[in-house]
Amino acid sequence: MGIVGALIIGQSAVQAGIVSPLLVIVVATTALASFTVPNYELSMAVRILRFAFLIAGAVLGFYGIAILFVVYVVRLSMLKSFGVPFLSPVAPISGAARDVLVRGPIWGMNKRPAFLNTLRSWRQNPMTRPWSAATRREAGEGDGNT
């Protein structure tokens with residue numbers, strides 16, 4: 001009921017020439033998108049962050065939004081969860097995490113990422129492809145001719 005009322009008030013504001021139609025569309029889209037967050041605490045954090053971006057955009061325009069976005073990314077890169085950086089596969093670049101954007105083949109993902117500091121460095125048995133000479137060399141079992 002509240003969204004329908006807001007759209008009616010928005011339509012009236014557009015007809016009166018107070019706001020642009022694009023602003024009504026953006027506000028309606030963000031209001032509908034706020035229902036997609038299932039966790040209440042997370043939705044409150046997103047709401048507060050949305051207000052911060054709205055204020056930054058009102059004060060400095062696009063530059064304010066860009067500056068606040070950079071500040072937020074820097075803040076996320078400094079956070080740690082259980083001793084692991086929050087943006088771990090991306091922010092501290094490591095060669096072990098090759099599957100950041102696109103998942104690699106399962107036979108190439110035998111080792112765990114180095115930034116996790118686990119007791120066992122192997123994700124799974126290193127012999128996922130026992131017929132491959134490269135896999136045998138990586139596992140330390142000779143050259144594959146045995």
Side-chain angles (χ1 to χ4, degrees), residues 1-132 134-141:
M1 193 68 150
I3 294 175
V4 174
L7 288 176
I8 291 172
I9 292 172
Q11 179 65 31
S12 301
V14 168
Q15 286 180 351
I18 299 171
V19 296
S20 69
L22 182 62
L23 179 67
V24 174
I25 292 171
V26 168
V27 169
T29 304
T30 58
L32 289 174
S34 68
F35 292 119
T36 61
V37 180
N39 190 353
Y40 178 73
E41 288 84 10
L42 184 61
S43 68
M44 292 305 291
V46 168
R47 182 176 297 164
I48 291 170
L49 195 61
R50 185 177 69 191
F51 289 143
F53 275 98
L54 184 75
I55 291 169
V59 172
L60 294 173
F62 181 72
Y63 291 118
I65 293 172
I67 290 169
L68 188 61
F69 179 74
V70 168
V71 167
Y72 190 63
V73 169
V74 168
R75 169 78 173 124
L76 283 178
S77 67
M78 291 189 312
L79 285 176
K80 286 190 175 188
S81 176
F82 297 108
V84 177
F86 201 69
L87 301 176
S88 57
V90 178
I93 298 172
S94 64
R98 295 184 304 235
D99 55 347
V100 173
L101 296 177
V102 178
R103 182 79 174 158
I106 193 69
W107 49 265
M109 303 292 169
N110 286 332
K111 290 201 167 198
R112 290 190 174 117
F115 60 83
L116 292 177
N117 298 324
T118 58
L119 295 176
R120 294 179 55 213
S121 64
W122 293 94
R123 285 186 177 167
Q124 57 192 0
N125 186 358
M127 295 301 290
T128 53
R129 295 184 353 163
W131 61 87
S132 170
T135 305
R136 287 180 182 263
R137 264 194 313 275
E138 186 177 327
E141 292 190 9

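Owing to the predicted nature of the structure, the values given are computational and were not obtained by experimental measurement.
Residues passing the side-chain contact (heavy atoms from CB on, under 4.5 Å) test with Tyr40 are Ser43, Met44, sequence neighbours excluded.
Shown here for Ala56 and Leu68, the closest heavy-atom pair between the two residues is CB-CD2, 4.0 Å. Heavy atoms only, all atoms of each residue included: Phe53 and Phe69 are closest at CE2-N, 3.7 Å.
Expressed to the nearest 0.5 Å, how far CG of Leu54 lies from CD1 of Ile65 amounts to 8.0 Å.
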Decide yes or no on side-chain contact (heavy atoms from CB on, under 4.5 Å) for Leu76 and Val73, but give the supporting numbers first.
-> CA-CA 5 Å; Leu76 283 178; Val73 169; 5.5 Å; no
